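Here's the structure, in structure tokens; my notes come after.
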Amino acid sequence: MDYLAVNKSAWDKRTKVHVGSKFYDVDGFLSGNSALQEIEFEELDVKGKSLLHLQCHFGLDTLSWAREGAEVTGIDLSSVAIEQARELAVKSQLEANFICSDLYSAADKLERQFDIVFTSYGAICWLPDLNRWAQMIKQSLKPGGEFYMAEFHPLEALFDGYSYFAQDEPDVDEEGTYTENCSGEKETLVSWPHPISEVFNALIAAGLEIKRYNEFDFSPYDAFANLEKELVTDKNGKQHTRYAMKHNDQRVPLVYSISAINNP
Ligand SMILES: C[S@@+](CC[C@H](N)C(=O)[O-])C[C@H]1O[C@@H](n2cnc3c(N)ncnc32)[C@H](O)[C@@H]1O
């Protein structure tokens, strides 16, 4: 199966639904709201830095980082997503460079390196080989640069009936999308489970030094079944909506973050 063609077609169709969804709230973004979530917002300082966003979808997070003072580039496989991202950059009057590319061939098209490489929520499951992913990250970082990811915890996939551990064959699913305005139309999607150990080992093998690893007992997105909504106020008085899952009355880890340095 040509997984790239299958996934590109699905993400092209999903993007057309996502841009009109409350989930992504494009109007809110255009009126000044940030699309970034509390986790990455607190853990990553981008001011004055060049940032490459891997699998940037239609650019809301990328452009939100631009508002925080980064010089941004986003790459994504979906040509529809990249067209939308470019339109949003114009509408929001933010400087950004968007490139349509498969992640594995993006480094050749970029021909430069960045202070930060960033990726988040629902990205790595679409990639078959994390060693190639980590090598691409290493190649794209300046010496001393930082890789940062905030990703859904693979334990959630286990509760959803998927393998926690890596498998030889991908999962091939017929699925509707995750935004509230989904019509129920299903697309074929090809994905791979990646346990935490595989992520760590790929980054280490590529030569990156892990600086920090965190796990979170909530998801900032209402993206799974059986989540309980919570409203929390942080130390600065800012309100955040979180979604939690319980198993045998105990909270399940739903997100993890990693920061790694490209030591010269
Ligand atoms: C769930 S979205 C990522 C969402 C992200 N948190 C954001 O900024 O909105 C996954 C994205 O990965 C992209 N993608 C999937 N496979 C890819 C690949 N091989 N190379 C580059 N992008 C890919 C899809 O087109 C989609 O936009």
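Counting starts at 1 for both ligands and their atoms, in listed order. Computed over heavy atoms, backbone and side chain alike; hydrogens, waters and symmetry mates excluded. Given the structure is predicted, the values throughout are model-derived calculations rather than measurements.
- Applying the 6.0 Å contact sphere to CG of Asp173 captures more than 12 heavy atoms from other residues, nucleotides or ligands.
- Using a 30° and 60° split on the angle between ring planes, Tyr148 and Phe118 fall in the parallel class, below 30°.
- In this structure, His18 and His57 have perpendicular ring planes: the angle between them is above 60°, well past the 30° mark.
- Protein residues are said to neighbour a ligand when one of their heavy atoms lies under 4.0 Å from it; for ligand 1 these are Leu4, Trp11, Tyr24, His53, Gln55, Cys56, His57, Asp61, Asp76, Leu77, Ser78, Ser101, Asp102, Leu103, Ser120, Tyr121, Gly122, Trp126, Leu127, Tyr178.
- In this structure, Asp25 CG and Leu30 CG are separated by 9.0 Å, a value rounded to the nearest 0.5 Å.
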What pairs of donor and acceptor atoms, side-chain ones from residues 249-264 against any protein atom, are under 3.5 angstrom apart with sequence neighbours left out?
unit_1, atom_1, unit_2, atom_2, d
Arg251, NE, Asp217, OD2, 2.8
Arg251, NH1, Glu230, OE2, 2.8
Arg251, NH2, Asp217, O, 3.1
Arg251, NH2, Glu230, OE1, 3.2
Arg251, NH2, Glu230, OE2, 3.4
Ser257, OG, Glu43, OE1, 2.8
Ser257, OG, Glu43, OE2, 3.4
Ser259, OG, Glu146, OE2, 2.7
Asn262, OD1, Lys138, NZ, 2.6
Asn262, ND2, Leu141, O, 3.2
Asn262, ND2, Lys142, O, 3.1
Asn263, ND2, Glu209, OE1, 2.2

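- Within the 4.5 Å cutoff, no side-chain heavy atoms of Trp192 are placed close to those of Asp129.
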